[in-house]
Colleague: 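Supplied in structure tokens, the structure appears directly below.
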Amino acid sequence: MHDRRDSLELVDREIHELILAEERREAETIRLIPSENYVSAGVLAATGSVLTNKYSEGYPGKRYYEGQKFIDQIETIAVERAKALFGAEHANVQPYSGSPANLAVYLAFLQPGDTVMGMALPHGGHLTHGWNVSITGKYFRSVQYGVRKETGRIDYDEVRALCLRERPKLLWAGGTAIPRVVDFAAFAAMAKEVGAVFAADISHIAGLVVGGAHPSPVPVADVVTTTTHKTLRGPRGGMLLSPSTHAQALDRAVFPGLQGGPHNHTTAGIAVALKEAAQPEFRAYAQQIVANAKALAGSLLEHGFDLVSGGTDNHLILIDLTNKGIPGKKAAKSLDRAGIELNYNTVPFDPRKPFDPSGIRIGTPAVTSRGMREPEMKQIAAWMARIIAAPEDEGLAQRVAGEIRELCGRFPAPGGLGIGE
Ligand SMILES: *Cc1c(COP(=O)(O)O)cnc(C)c1O
């Protein structure tokens, strides 16, 4: 790794220095964006390897290019590890990311104009679950469900009634801002009633699922889609898991339906991440993510924050800042200046615009990867409360940033070369 960095420095000092600066930034800040993480040095090494040189359209044993002796082995290992880890009959590790993985589901099972039902983006769903600006909301007839206003949670009777009325061909569960356990069995049952394909998108929670910290959709879903770079701690990529009955349709949808050559360096990184996720320590990691989120939520409540649904069951917390009298974007920017990185987010039934909504979204996967635990969560909540009470106090932001650098120094970021420490 060291000599590769040296050669980058020689070839392109500008990019080299920006990478080092980003590494330092990631090391010195508290990263609460719930979809982000730190990969291990092993995942980084695989991702930055010569595998990026190779074309391998097709699947192991059935390629359109020669020279696949080692690539086939790598992809087969990744597929076998995915199947074993999730208990699935079939796995496809080629989708370039989460969004292409989801598109493959449409291509495998739907015709243009068919009805798809998913969670609305402002309620916590993903763009690719039929939101109007996405191709999935333009080329298909989309019906969207949400959470109940009083509870901030999905009302399964309400969703079932909508499903019976609209009769979708494809039903999505999962999302990007859901702080509570998703009842995959309830979704599977309503999909079955109307003959819909049930797709569970576990992008955010895949690591919790393999670590036993969230129920798995694998036995009940027709297809499970996931990113590999969130709680799973792999490189940026996507994956499909399914019963063998859907294997051919899904494989054909990914290639040649949507993509050309797979990103073999990413496949190798996914294989490494799946090996790491199969270790007993990863189970402990997944449990600690949830324990940390609960601790953080508890402290935030003590500081008077209003949490959507009142708390969390998983890695994620959605905060409605209305009672603090500060919009989400302003809060996110003030916190960023102090070294706490998160994103502004709509809250369900948000009266404000998506570009400047009422909430912020946080999560514990990245800080847990650094080894932080409950006492640090309490400290983070206290910092957040101080900054949000005085968002324009530059002196305070600088003082907190210093305290945060000190804390981060005690919890080195995995994967880096220690430059930021
Ligand atoms: C992150 C995410 C995706 C999309 O993944 P990309 O890799 O950003 O394309 C899809 N669905 C859900 C629920 C996600 O959280």
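Index from 1, following the sequence. Both ligands and their constituent atoms are indexed starting at 1 by order of listing.
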Colleague: I'd like to check whether G98 has a polar contact with ligand 1, where a contact means an N/O of the residue lying under 3.5 Å from an N/O of the ligand.
Modeller: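 Yes; the residue has a nitrogen or oxygen that sits under 3.5 Å from a nitrogen or oxygen of the ligand.
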Colleague: If you measure from the Lys or Arg side-chain nitrogens to the Asp or Glu carboxylate oxygens, is any gap between D72 and R63 under 4.0 Å?
Modeller: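 R63 and D72: salt-bridged.
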Colleague: So, regarding T128 and ligand 1 (criterion: nitrogen or oxygen to nitrogen or oxygen, under 3.5 Å), is there a contact or not?
Modeller: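 Between T128 and ligand 1, no N or O pair is found under 3.5 Å apart.
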Colleague: If you count every heavy atom of other residues, nucleotides or ligands that lies below 6.0 Å from F349 atom CZ, does the total exceed 12?
Modeller: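 More than 12 within 6.0 Å, yes.
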Colleague: Identify, for atom 3 (C) of ligand 1, the protein heavy atom at the shortest distance, and state residue, atom and that distance.
Modeller: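 Of the protein heavy atoms, H126 NE2, 3.3 Å lies nearest.
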Colleague: For ligand 1, is any non-hydrogen atom under 4.0 Å from T225's backbone (N, CA, C, O), its side chain (CB onward), both, or neither?
Modeller: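 Contact part for T225 vs ligand 1: neither.
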Colleague: Might you confirm whether atom CD of Q111 has over 12 heavy atoms from other residues, nucleotides or ligands at distances under 6.0 Å?
Modeller: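 No, CD of Q111 has 12 or fewer neighbouring heavy atoms, counting only those of other groups under 6.0 Å.
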Colleague: Taking only heavy atoms of T227 into account, list the atoms of ligand 1 that are under 4.0 Å away from them.
Modeller: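 Those of ligand 1 that fall under 4.0 Å from T227 are 1 (C), 5 (O), 7 (O).
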Colleague: Taking 4.0 angstrom as the limit and counting only heavy atoms of N102, give me the atoms of ligand 1 inside it, by number and element.
Modeller: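 Listed by number with element, the hits are 10 (C), 11 (N).
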Colleague: Which of the atoms of ligand 1 are close to H204, meaning less than 4.0 Å from one of its heavy atoms?
Modeller: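 Ligand 1 atoms under the 4.0 Å threshold to H204: 15 (O).
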Colleague: Under a 4.0 Å threshold between the charged nitrogen and the carboxylate oxygen, would R25 count as salt-bridged to E341?
Modeller: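 Salt bridge present between E341 and R25.
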Colleague: In plain terms, say whether D356 and K329 are close enough for a salt bridge, that is, a side-chain N and a carboxylate O under 4.0 Å apart.
Modeller: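 Salt bridge: no.
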Colleague: Is the gap between the ring centers of H90 and H246 under 6.0 Å?
Modeller: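 Centroid separation for H90 and H246: 6.0 Å or greater.
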Colleague: Which residue and atom name correspond to the protein heavy atom nearest atom 7 (O) of ligand 1, and how close is it?
Modeller: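 Heavy-atom neighbour on the protein nearest atom 7 (O) of ligand 1: S97 OG, 2.4 Å.
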Colleague: Please name the pair of heavy atoms, one in A173 and one in F187, separated by the smallest distance, quoted to 0.1 Å.
Modeller: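 Closest pair (atom of A173, atom of F187, distance): CB-CD1, 3.5 Å.
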Colleague: Can you check whether S99 has an N/O within less than 3.5 Å of an N/O in ligand 1?
Modeller: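 Yes, there is a polar N/O contact under 3.5 Å.
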Colleague: Below 4.0 Å from ligand 1: does a non-hydrogen atom of H229 turn up there or not?
Modeller: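 Per 4.0 Å heavy-atom rule, H229 contacts ligand 1.
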Colleague: Which atom pair, heavy atoms only, marks the closest approach of G363 to P34?
Modeller: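 For G363 versus P34, the nearest heavy atoms are CA-CB, 3.7 Å.
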Colleague: Check each heavy atom of K230 against ligand 1 and say whether those closer than 4.0 Å belong to the side chain, the backbone, both or neither.
Modeller: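 Near ligand 1, K230 shows its side chain, while the N, CA, C and O stay back.
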Colleague: Mind checking whether L316 and I362 have side chains closer than 4.5 Å, heavy atoms only?
Modeller: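 Heavy-atom side-chain distance check fails, nothing below 4.5 Å.
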Colleague: Nearest to atom 12 (C) of ligand 1, what protein heavy atom do you find, and at what distance?
Modeller: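 For atom 12 (C) of ligand 1, the nearest protein heavy atom comes out as D201 OD2, 3.3 Å.
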Colleague: Consider ligand 1: state whether an atom of it lies below 4.0 angstrom from any non-hydrogen atom of G174.
Modeller: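 Outside the 4.0 Å threshold, so no.
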